[in-house]
Amino acid sequence: MALLPAAVAGILLTAPAGSGRIMQLRATARQHRRAGHRAVKAEAKDSSKARR
């Protein structure tokens, strides 16, 4: 009978930590995507200058 409250307590303890980690990973991925997009854009701009 004590197993059910222990399982619920475990879920309540790990859910916020897991959610926080997921949000952290999404923010990092978003930053990397934006940095990559800026790098590609800058490279295209530099190559267009070289052609002129």
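Residue numbers count from 1 along this sequence.
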With ILVMFWY side chains joined below 4.5 Å, transitively, what does Leu3's cluster contain besides itself?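 Besides Leu3, the cluster holds no residue at all.
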Co-members of the apolar cluster containing Val8 [side chain, <4.5 Å]: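 In the cluster with Val8 are Leu4, Leu12.
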How long is the gap from CZ on Arg33 to OG1 on Thr28, to the nearest 0.5 Å?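 These two atoms lie 11.0 Å from each other.
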Who pairs with Arg21 by side chain to side chain donor-acceptor pair (under 3.5 Å), at least two apart in sequence or on another chain?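 Listed in chain order: Gln24.
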